[in-house]
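Scroll down for the structure; my scribbles are underneath it.
In this chain, residues are counted from 1 in sequence order. Everything numeric in this text was worked out from a predicted model, so none of it was measured.
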Amino acid sequence: AWGLGVGVGMALLGAVALLGYGQAVVAENKEDLAHELQVDTQRLSAQLGHLQLATSQMAMLVKAYGGEPRQAGEVLAQVRSQFPEITTLQLAPQGIISLSEPAAGNEVVQGWNLLEGAYMLEGAVQARNTGQPVLQGPFKTAQGQQALVLRAPVALAADAGTPQFWGLVTAMTDMDALQRTSGLHALKAKGIDFQIWRQNPDGAGGVEGVPEVLFSTESKVPGISARW
């Protein structure tokens, strides 16, 4: 497994390169593997930054139409087409999922209230309460994927001058897509296992169940302020 620390502000994502084949072989190639891991880590952090870019574009759409975006499905499809690693985009006015791109495969979450009730999510509530994007994962989605999700709150200007909470915009990527587009999947072909981990909200970090860490690397994720 690999251990990388990826963070913006206090956000951390990890990837630790582990002993996946003979120790002597790893020792001989450690410098090359470390360089490859660093390159993949930087590429991965840039891809996670794409989540922020996508949510920013969706927020601009919502604001441009006063909270009632026109042709939102078409626009979200255009946004998603820019970022191959993003698997799902969602609009959730008042925290209730009203639109997913793509619609196919996301029918099960349509109408879920992310701010209260049975489908309430801590990250969604945190985003609303703090007014800041919240990055969460990896976790298993309703569709069975291991995913990373960025939820960003959107506020609209009000007559009184105080912005009013409109709802949430969400960008999601699954771990398989990140591995493919970052190049990390190539490590498996070389017999190197890798693992993505995160720093816990209380500040504790590390990788559980990892027998031996060979080396690690760290990179910052642009545009996201969250505690990972």
Under the side chain to side chain donor-acceptor pair (under 3.5 Å) test, which residues partner [X], sequence neighbours left out?
X	answer
R128	none
D174	none
T88	none
S56	Q52

For E85, side-chain contact (heavy atoms from CB on, under 4.5 Å) partners two or more places apart:
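With sequence neighbours excluded, E85 shows a side-chain contact (heavy atoms from CB on, under 4.5 Å) to Q47, H50, F83, T173, L178, T181, given in chain and number order.
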State, yes or no, whether a side-chain contact exists between [X] and [Y] at a heavy-atom distance under 4.5 Å.
X	Y	result
M58	T55	yes
L148	L48	yes
T170	V149	yes

Let me check something: do [X] and [Y] share a hydrophobic cluster, defined by ILVMFWY side-chain heavy atoms less than 4.5 Å apart, either directly or through other members?
X	Y	result
V62	L53	yes
V125	V134	no
I96	L114	no
V169	I86	yes

Within 6.0 angstrom of E68 CD, more than 12 heavy atoms from elsewhere
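12 or below, so no.
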Interatomic spacing from [atom1] in [X] to [atom2] in [Y] - rounded to 0.5 Å:
X	Y	atom1	atom2	answer
L76	L89	CG	CG	5.0 Å
E101	N106	CD	CG	9.0 Å
L91	I97	CG	CD1	10.0 Å
Q136	L121	CD	CG	7.0 Å
W112	M120	CH2	CE	13.5 Å

Closest approach of [X] to [Y] (non-hydrogen atoms, all atoms of both residues):
X	Y	answer
A155	K63	O-CE, 3.4 Å
G73	L99	N-CD2, 3.6 Å
G95	L168	CA-CD1, 4.4 Å
P133	P153	N-CD, 3.9 Å

Check: [X] side chain, [Y] main-chain N or O, donor-acceptor pair, under 3.5 Å:
X	Y	answer
S100	P102	no
Q94	W166	yes
Q110	V108	no

Of the options L156, V154, L115, which is the one that meets F165 in a side chain to side chain contact (heavy atoms under 4.5 Å, CB included)?
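Single side chain to side chain contact (heavy atoms under 4.5 Å, CB included) partner of F165 among L156, V154, L115: L115.
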Check the side chains of Q57 and Q82 for a donor-acceptor pair under 3.5 angstrom, ignoring hydrogens and angles.
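On atom types as modelled, these side chains qualify, holding a pair under 3.5 Å.
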Got a sec, which pairs hit side-chain hydrogen bond (donor to acceptor under 3.5 Å, both in side chains) with one end in residues 113-124, sequence neighbours left out?
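Those involving residues 113-124 do not exist here.
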